[in-house]
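All remarks here apply to the structure that follows.
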Amino acid sequence: MDTPRPINRRHFLKTSSLLTAGLIGAQLPLRAESSDALGYVLPKRPLGKTGLEVTLFCIGGAHIGSHSEESAAARIEAAIEGGCRFFETAQGYQKGRSEERFGKFLTPKYREHITLMTKTTAEDGATARRHLDESLSRMKTDYLDIYLMRWIKSEEDAENRIKNGVYDFLLEAKAAGKIKHIGFSGHTHPDANIHMMRRGLPELEVVLMPINVVDTGYHSFINHALPVALEKELGVIAMKTMAGGSFFGGAAPWGRNAGEDRQAIVPEKLTPKEAHHYALSFPIASLTSGTATVEQVKENIASARSFAKLDEVQRQEISQRVATIAATGSLEHYKGY
């Protein structure tokens with residue numbers, strides 16, 4: 001287990017301020033609210049060098065397959081009605097059930113209006129080929145806007161996937177028109193993400209990484225991986241903006257501190273809206289968030305609609321509320337194990 005180093009609260013705040021102030025100032029262009037054939041559309045930002053523009057809020061598919069079909073359909077419809085046009089999932093969520101729900105309730109009606117992303121945990125080219133074919137079949141589409149190598153855990157993991165043909169297969173699939181843009185996700189350690197981004201893979205365009213108000217306290221993606229992503233002109237999508245649900249407290253479901261009871265910081269110290277606005281104040285294209293109910297979808301959409309960039313004073317005020325907890329690393333069970 002990788003144990004967090006004790007961090008002095010004052011040092012944490014000072015370091016956070018010095019390393020992130022410049023990034024916050026580098027706000028991405030924001031296209032105002034608009035409309036399309038389906039109706040209202042949330043504000044959009046450019047996704048790195050892909051040429052895509054994506055809505056500030058993206059529906060995460062991790063919970064789409066874990067509730068009833070009726071609930072999944074209702075959340076998808078609420079997202080579309082609320083102006084969300086970005087949807088992401090993964091081959092491994094509920095053994096493909098999340099993708100199946102997208103294939104049943106999303107793509108038949110809305111494919112031409114949305115940006116669609118899924119991910120593979122494949123460790124070799126042959127498995128990546130099978131995963132992609134299965135994902136396309138389940139989601140009833142003949143192409144993906146974005147396809148990610150999911151959950152890069154370490155430099156060794158990154159090198160093994162490249163050596164075993166995963167990246168080469170993605171290039172093949174892109175040439176065949178099955179994938180428009182390639183990227184990866186990583187939430188275990190920023191060093192793994194940095195290695196992947198500096199590896200010199202020319203078609204790499206998108207990265208999904210943790211961006212949240214406690215990140216700078218332990219293995220910080222904001223301080224270390226985000227600047228590299230911007231240097232490489234990658235489109236950054238924020239995940240774990242509520243630390244995988246940990247902001248609400250309770251036992252860590254898995255990871256290095258599995259079973260450990262965590263202190264809630266929502267709503268005791270900040271609101272979900274403040275947590276999302278904090279993340280969106282960085283130069284990211286969008287944030288993806290899992291939702292279990294229609295009400296949560298609507299709350300997240302409302303946060304995106306009301307977004308205004310936090311200035312340095314506002315950001316520091318929020319950071320101060322959670323600095324002591326952030327320094328322990330206890331809320332980010334998915335890091336460093």
Side-chain angles (χ1 to χ4, degrees), residues 1-4 20 48 58-63 66 88-93 98 117-123 146-161 166 182-199 204 206-230 232 234-248 252-258 260 262 265 275-276 278-280 282 284-291 325-326 328-337:
M1 181 182 297
D2 192 351
T3 304
T20 62
C58 171
I59 285 286
H63 299 291
S66 58
E88 67 90 7
T89 185
Q91 152 269 334
Y93 293 159
S98 174
M117 179 175 89
T118 193
K119 308 181 283 290
T120 174
T121 53
E123 296 181 353
I146 307 165
Y147 197 50
L148 303 186
M149 293 174 275
R150 181 187 174 209
W151 198 357
I152 302 295
K153 304 177 185 66
S154 64
E155 295 181 16
E156 181 182 14
D157 180 28
E159 287 302 314
N160 284 338
R161 295 200 208 190
V166 176
I182 296 168
F184 76 96
S185 73
H187 56 251
T188 301
H189 200 295
D191 286 353
N193 289 35
I194 291 168
H195 178 81
M196 195 70 171
M197 291 185 288
R198 292 202 184 282
R199 184 59 171 68
L204 207 65
V206 179
V207 59
L208 176 66
M209 69 173 73
I211 305 282
N212 64 57
V213 71
V214 300
D215 169 80
T216 53
Y218 175 59
H219 285 342
S220 176
F221 286 83
I222 292 173
N223 287 345
H224 305 299
L226 181 57
V228 178
L230 299 177
K232 299 296 184 182
L234 300 185
V236 180
I237 304 165
M239 66 171 160
K240 311 293 188 189
T241 53
M242 307 292 281
S246 298
F247 283 8
F248 298 97
W254 49 272
R256 57 186 169 78
N257 56 339
E260 176 184 312
R262 285 89 46 87
I265 63 172
H276 280 183
Y278 180 92
L280 287 170
F282 289 93
I284 64 172
S286 181
L287 70 81
T288 179
S289 180
T291 57
I325 300 170
T328 69
S330 62
L331 291 181
E332 296 181 289
H333 57 277
Y334 46 83
K335 285 184 178 179
Y337 68 93

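Starting from 1, each residue takes its place in the sequence as its number.
Interatomic distance, CD1 of I265 versus CG of N212, reported as 8.0 Å (0.5 Å rounding). Here the CZ-CG distance, from F221 to D191, works out to 9.0 Å after rounding to the nearest 0.5 Å. Within the model, atoms CD1 of I237 and CG of L148 stand 6.5 Å from one another, a figure rounded to the nearest 0.5 Å. To the nearest 0.5 Å, atom CG of residue L208 and atom SG of residue C58 are 8.5 Å apart.
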After noting the C-alpha distance and the side-chain angles of T121 and Q91, does the key distance pass the side-chain contact (heavy atoms from CB on, under 4.5 Å) rule?
CA-CA 8 Å; T121 53; Q91 152 269 334; 3.5 Å; yes
Set out, in order, the CA-CA distance, both residues' side-chain angles and the distance that settles side-chain contact (heavy atoms from CB on, under 4.5 Å) for K232 and L204, then state yes or no.
CA-CA 9 Å; K232 299 296 184 182; L204 207 65; over 6 Å; no
Test side-chain contact (heavy atoms from CB on, under 4.5 Å) on V228 and R198; report intermediate values, then the result.
CA-CA 8 Å; V228 178; R198 292 202 184 282; 3.5 Å; yes
Going through the checks in order, is the side-chain contact (heavy atoms from CB on, under 4.5 Å) test met by H276 and S289?
CA-CA 9 Å; H276 280 183; S289 180; 4.1 Å; yes
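By the side chain to side chain donor-acceptor pair (under 3.5 Å) test, R161 pairs with D157, sequence neighbours left out. With sequence neighbours excluded, the residues satisfying side chain to side chain donor-acceptor pair (under 3.5 Å) with T288 are E88. With sequence neighbours excluded, no residue forms a side chain to side chain donor-acceptor pair (under 3.5 Å) with S286. Residues forming a ring-ring contact (aromatic ring centres under 6.0 Å, His included) with H333 (at least two apart in sequence, or on another chain): W254. Partners of Y334 by ring-ring contact (aromatic ring centres under 6.0 Å, His included), not counting sequence neighbours, listed by chain and number: H187. Partners of H195 according to the side chain to side chain donor-acceptor pair (under 3.5 Å) rule, which considers only residues two or more places apart in sequence or in another chain, are E159.
Of the possible donor and acceptor atoms, none in the side chain of T188 sits under 3.5 Å from a partner among the backbone N and O of K153. One N or O on the side chain of K119 and one on the backbone of T89 form a donor-acceptor pair closer than 3.5 Å.
Closest of all the heavy-atom pairs between L287 and A279 is CD2-CB, 4.3 Å. M242 and A275 get closest at one heavy-atom pair: SD-CB, 3.6 Å. Closest approach of V166 to A122, counting heavy atoms only: CG2-O, 3.5 Å. Listed here is the closest heavy atom pair of A252 and R262: N-NE, 3.2 Å. For the pair N193 and I152, the tightest heavy-atom approach, listed with the atom from each and the gap, is OD1-O, 4.3 Å. Residue P210 comes nearest to K240 through the heavy atom pair CB-CB, 4.0 Å, listed as atom of the first residue, atom of the second, then distance.
By the 4.5 Å heavy-atom criterion applied to side chains, T241 and F247 are not counted as neighbours. Contact of the M209 side chain with the V236 side chain is registered, since non-hydrogen atoms from C-beta on lie closer than 4.5 Å. Side-chain contact between H224 and H219 is absent, with no heavy-atom pair separated by less than 4.5 Å. Between I325 and S330 there is a side-chain heavy-atom pair separated by less than 4.5 Å. In this structure, V214 and E332 have side chains that are in contact, with non-hydrogen atoms separated by less than 4.5 Å. Using a 4.5 Å heavy-atom threshold, the side chains of Y147 and T118 count as touching. Considering only heavy atoms from C-beta on, M196 stays 4.5 Å or farther from V207 through its side chain.
A salt bridge links K335 and D215; the closest N-O separation between the charged side-chain nitrogens and carboxylate oxygens is under 4.0 Å.
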